[in-house]
Structures are given as structure tokens and as C-alpha cells.
Q: 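Dropping a structure here in C-alpha cells format, bear with me for questions.
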Amino acid sequence: MTTSVPSPVNTEPSDWAYVNEGRAAIVFSYHGPSDPLFNRKVLRFRKSTSSHPSTIEPDADQPDDPIISFQQVVLARLIDSQYLINLDVVALDPGWLSAFAAHHDSLRPREHRAVSRIDLTYRKAVLADDLVGPFACAIEIKPKWGFLPSPTHLSPKTAEIKTRTCRTCMHDYLRRTQSSVTSSPPIAYCALDLFARDPARVRRAVGGLWDTWIASAGHGNKLRVFARGTALSPDDHTAVAACVANVLGTAPNASLDDIRAPFCETVAHTLLDTAVLPHLAELQRQLDVLDIEGLAALRARTPEPDFPEPTLEDWRAFLDDFLASHSMLDHEHPDPARFFYYVRAFMLSATLKDCSLFVCLADPPIIKLVDLDPKSVRKFQYWKEMDDEIVSAYAQVDPEKRAVCVGGSTGC
Ligand SMILES: O=P(O)(O)O[C@@H]1[C@@H](OP(=O)(O)O)[C@H](OP(=O)(O)O)[C@H](O)[C@H](OP(=O)(O)O)[C@H]1OP(=O)(O)O
Ligand SMILES: Nc1ncnc2c1ncn2[C@@H]1O[C@H](COP(=O)(O)OP(=O)(O)OP(=O)(O)O)[C@@H](O)[C@H]1O
């Protein structure tokens, strides 16, 4: 029996409101006439750019978006289902998609429009639970890396730096040296604080996200605040105050300074009520057990240093292997015959280091992880070069002035 794939073809482009976009995907929330298929749902389309033109054949036999099976086969075995959203495939009609793109293109932010567009060659998209449209106030956090690496596979020079300052703080430093922005937010965001189980540290991390959000005029990607599906700018004080008033109990005309403390308190309390962040950090750490330095060294000892893109079956087998044997392997002396295993583990760790966490400030609050796309093996070189660049830049900082980031077990 074949089951037909639902399609948004009978909805109007104007029934969907722009939410946000990243490098690879763009998301719209349904606000048309009540429809059981689309109420409280978003559509997530793939984008193309001049540097990443479409590679998919525009025919009806296209595979479903890999994010769906990757979540079902891999992530659902590692992360409690309460933190994952429902993802379903929808069929796209080419005429409908063109009309949709034409309707929405002029409403997208100029900086995105200049470099990317909805990819019109796709015949499928993803329908997902809407984490913004139904809520008076929802926030999105990109937590990044929640651990410090073990020194086991690091060179003596990088070990001194990488086991003391977390990757997110070092990357932040590199970005500041590369940009013309010289002023720092009052409190910088340290990922290890957010992942900690300590209320004061989590509040401090949320304060860092808040300050960075304001200092970047809302253009950073670590914190976003949404009111009924619309991303707010911190420059629009009135909208921010109205959005948070009910959920934080602040005055409808409160200033950003007045909002900061209750915001930090509420978000930290909500995060600490669940174990999702410590669990995410632990998975990131276990899966990145060699660090990219150890992985590159293992690659050099491998007879077959090229590695294929894992298939879904490869991922399934990897997960079986990981769950059954990871804690029993001798990671201090990794076996070159297990190179593919360690590469896949690193790729999965990269997915978990790059996801976003939504906190929908409802009663009760809802916490979900999104953007859990599989990473490509083609990024291996990028990851190695990025690590070199981030650590080399941080090595220039006077050791006395380097950030000391606390936490994240460094055991192998
Ligand atoms: O390398 P990083 O840590 O800068 O992470 C990249 C992200 O930058 P960030 O530091 O979060 O601003 C980057 O985020 P932006 O697009 O810059 O918002 C992407 O998420 C990128 O992943 P992909 O190439 O789209 O699959 C991310 O690349 P991966 O390292 O996750 O592959
Ligand atoms: N289920 C959802 N509900 C509401 N908004 C969402 C949902 N999923 C994604 N978004 C919004 O859309 C944005 C883009 O989605 P997503 O992160 O999946 O794109 P991406 O191109 O993969 O991002 P990146 O470049 O960070 O890898 C997110 O940052 C978030 O603001």
C-alpha cells in the first residue's frame, strides 16, 4: 500500500509567515485558515547559493530530506523524544513553490536575499512542529560546545590552551579580532556556564547571551527572541517589553535593563529544570573523544585515509556499535582500523555542537532541539583548519589574560 505524501499546494503563500533562515534552510510558520495538517506547523525549505548551487535532480523521485531519517535512526536513540520535534515530509508542486518564493522573497532580510534563495529544484520539504508562532514569547539559543577536550591527543602547545579556554570563547575572540567591532558586551557568553548545573553560572551565561544580543542589535546567532513567530530586534524596546511582560511579570513598558534580571532568572530556571543541556554536552564530549587533532593523527596512520559519506545503514550500524562498545574502547590508543568509526562519531558530535535549543515560555515551558542535520565528511578539512585558526589566534593572547572556562570533564 502506498501512502500519499501531504502537500501544502492548497494553501496560499500568504498563509505562511517568514520565521528565519540559516545557511542551508529557510523556515515559515503557518497562520492561514485552520487546517489540521498545518496548524502549529512550520515548513522548512532547502536553499541554494552561488557557492552551494543545487545538486538535486528536479524530479518526483527525490529522496526525503535527510534530516528526517537522521533524527529517526540516530538522534532518537540518543536524545529523549520530549526534546525532539516531529518532522514529516511534504511534497512540493513546482508552480506552487515558485509562487511561494516570489511572494516571500522581497520580505526576507536583505543580507540573506543577496546570497541565497529558496531552491526551486526541490520537490520535497519538511513539515515540523512550530516552536514560535503559537507562543507569545519563545527564545532560541545556539549553545555550541559544552566541554573542554581531554589533553590525551593534543600537542603540548595546544593542550595548554584548549584545556583551559572553551572553544566557543576562543572562537568569539577570533571573530572579534577579525571584525571592526572593538567593544565587547558587558558579559561575554561562555558555553560551559550554560551547560553547567549551577544556577549562578547558568544565569551568568544567559546574561552573556542577552548582552551579546543587545550589543549585536539582534544580528548574532546565539540568541533570538520571538513574539508570536516574529523575531524581535533589541532596538525595538516596546515590542520586547510587550513580548516578555506576561511571561516574566515585568511592566509592559519595562526597559531592557529592567528585563535583564527576570529574563536570566526565568530562562536559567527553565533550563535547570531539565537535564537536556548536560546530556547534550556529555554526548558531544564522548563523540569527540579524540579531538580533531587526534582524529587527524589517526587518519595519517590509516591505510585508507579517504572516507565515504555515511549512508543511513552506516549510521544505524555506527549507533549500534557506539551504544554497545564506546565506553569499552581504548580511546587513548585508538585502533586505525576504527578510523571510520571515529570520523562518524566526530561528525555526529559536530551536529550536536551546532544545534539550536528553543525555550517556549509557555505554562509549562517547552524545550526542544532543532537544526539536527547530519554533517558531511566534506567538512573534515574545514574542521581541522578552523581548529588551527582558532587556537593559533588564541595563542597570541597573554596567558594571564586568557579566559579560564570551568567544567566539562576532561577524562578520556
Ligand atoms: O564551525 P563553527 O563552530 O563556526 O559552526 C558553524 C556555524 O557557525 P557559528 O560558529 O555557529 O556561528 C554556522 O552557523 P551560521 O551559518 O554562521 O549561523 C553553521 O551552522 C555551520 O554549519 P553548516 O556548514 O551550515 O552545516 C557550522 O559549522 P560546523 O562546524 O558545525 O560544521
Ligand atoms: N521548528 C521550528 N519552529 C520555529 N522556528 C524554527 C524551527 N526550525 C527552525 N526554525 C528557525 O529557522 C532558522 C533556520 O533553521 P535551521 O537552523 O534549521 O537552518 P540551517 O540553515 O540549517 O541553519 P544553520 O546555518 O545554523 O545550520 C532557525 O535558526 C530558527 O530560527
Side-chain angles (χ1 to χ4, degrees), residues 83 139-151 160-176 183-216 218 220-225 234 248 256-257 259-288 291 349-350 352-359 361 365 367-369 371 390-391 394 397 399-411:
Y83 301 120
I139 67 163
E140 178 183 0
I141 295 172
K142 197 171 189 183
K144 300 300 289 188
W145 299 37
F147 67 102
L148 292 170
S150 153
E160 192 202 340
I161 299 168
K162 286 163 82 170
T163 58
R164 198 168 116 137
T165 307
C166 80
R167 203 267 195 178
T168 313
C169 286
M170 288 195 286
H171 198 179
D172 188 43
Y173 170 81
L174 172 67
R175 284 196 166 129
R176 274 186 282 118
S183 64
S184 310
I187 291 189
Y189 167 67
C190 171
L192 297 197
D193 281 342
L194 190 77
F195 284 94
R197 288 172 193 265
D198 172 346
R201 291 185 61 196
V202 179
R203 275 198 301 273
R204 184 184 153 81
V206 178
L209 291 168
W210 176 263
D211 293 343
T212 309
W213 183 61
I214 292 172
S216 69
N221 66 1
K222 300 255 177 343
L223 176 71
R224 293 190 181 95
V225 180
L248 302 182
L256 293 181
D257 281 349
I259 293 169
R260 189 182 187 280
F263 178 85
C264 295
E265 183 61 39
T266 302
V267 175
H269 182 265
T270 308
L271 292 175
L272 283 159
D273 240 13
T274 82
V276 65
L277 281 173
H279 180 61
L280 191 64
E282 183 54 20
L283 285 173
Q284 293 175 355
R285 185 188 70 78
Q286 285 181 14
L287 289 159
D288 182 7
D291 190 89
S349 176
L352 299 171
K353 291 163 183 163
D354 196 40
C355 67
S356 286
L357 176 122
F358 270 90
V359 181
L361 293 167
I367 295 190
K368 300 281 183 185
L369 297 171
D371 196 9
I390 288 172
V391 181
Y394 211 69
V397 178
E400 301 278 299
K401 295 191 176 149
R402 287 181 197 154
V404 180
C405 304
V406 182
S409 155
T410 56

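These figures come from a predicted structure and were not determined experimentally. Throughout, residue positions are numbered sequentially from 1 according to the sequence presented.
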Q: Checking Tyr394 now: which residues fulfil ring pair (Phe, Tyr, Trp, His ring centres under 6.0 Å) with it, not counting sequence neighbours?
A: Tyr173

Q: Are Thr274 and Tyr83 packed together at the side-chain level, in the sense that at least one heavy-atom pair is separated by less than 4.5 angstrom?
A: yes

Q: Which residues pass the salt bridge (Lys or Arg N to Asp or Glu O under 4.0 Å) test with Lys162, sequence neighbours left out?
A: Asp291, Glu293, Asp387

Q: Could you walk me through whether Thr212 and Leu209 pass the side-chain contact (heavy atoms from CB on, under 4.5 Å) check?
A: CA-CA 5 Å; Thr212 309; Leu209 291 168; 5.8 Å; no

Q: Check whether Glu140 reaches the backbone of Arg224 with its side chain - one donor and one acceptor, N or O, closer than 3.5 Å.
A: no

Q: Considering non-hydrogen atoms only, spot the tightest contact between Ala268 and Val206 and give its length.
A: N-CG2, 4.4 Å

Q: Strictly below 4.0 Å, N to O, side chains only: are Lys353 and Asp288 in salt-bridge contact?
A: yes

Q: Is there a side-chain contact between Gln284 and Phe195, using heavy atoms and a 4.5 Å cut-off?
A: yes

Q: So do the side chains of Ile139 and Phe263 get within less than 4.5 Å of each other, counting heavy atoms only?
A: yes

Q: Restricting to salt bridge (Lys or Arg N to Asp or Glu O under 4.0 Å), what partner residues turn up for Lys144, sequence neighbours left out?
A: Asp354

Q: Cys405 versus Thr168: any side-chain heavy-atom pair under 4.5 Å?
A: no

Q: Quick one: are Leu280 and Leu357 in side-chain contact, heavy atoms under 4.5 Å?
A: no

Q: Quick one: does Leu148's side chain get under 4.5 Å of Cys166's, heavy atoms only?
A: yes

Q: Would you please classify the geometry between the Trp145 ring and the Phe147 ring as parallel, tilted or perpendicular, with 30° and 60° separating the classes?
A: parallel

Q: Tell me, yes or no, whether the heavy-atom count around Glu160 atom CD, taken from other residues, nucleotides or ligands under 6.0 Å, exceeds 12.
A: no

Q: What's the shortest heavy-atom distance between Leu272 and Pro199, and which atoms?
A: CD1-CA, 3.4 Å

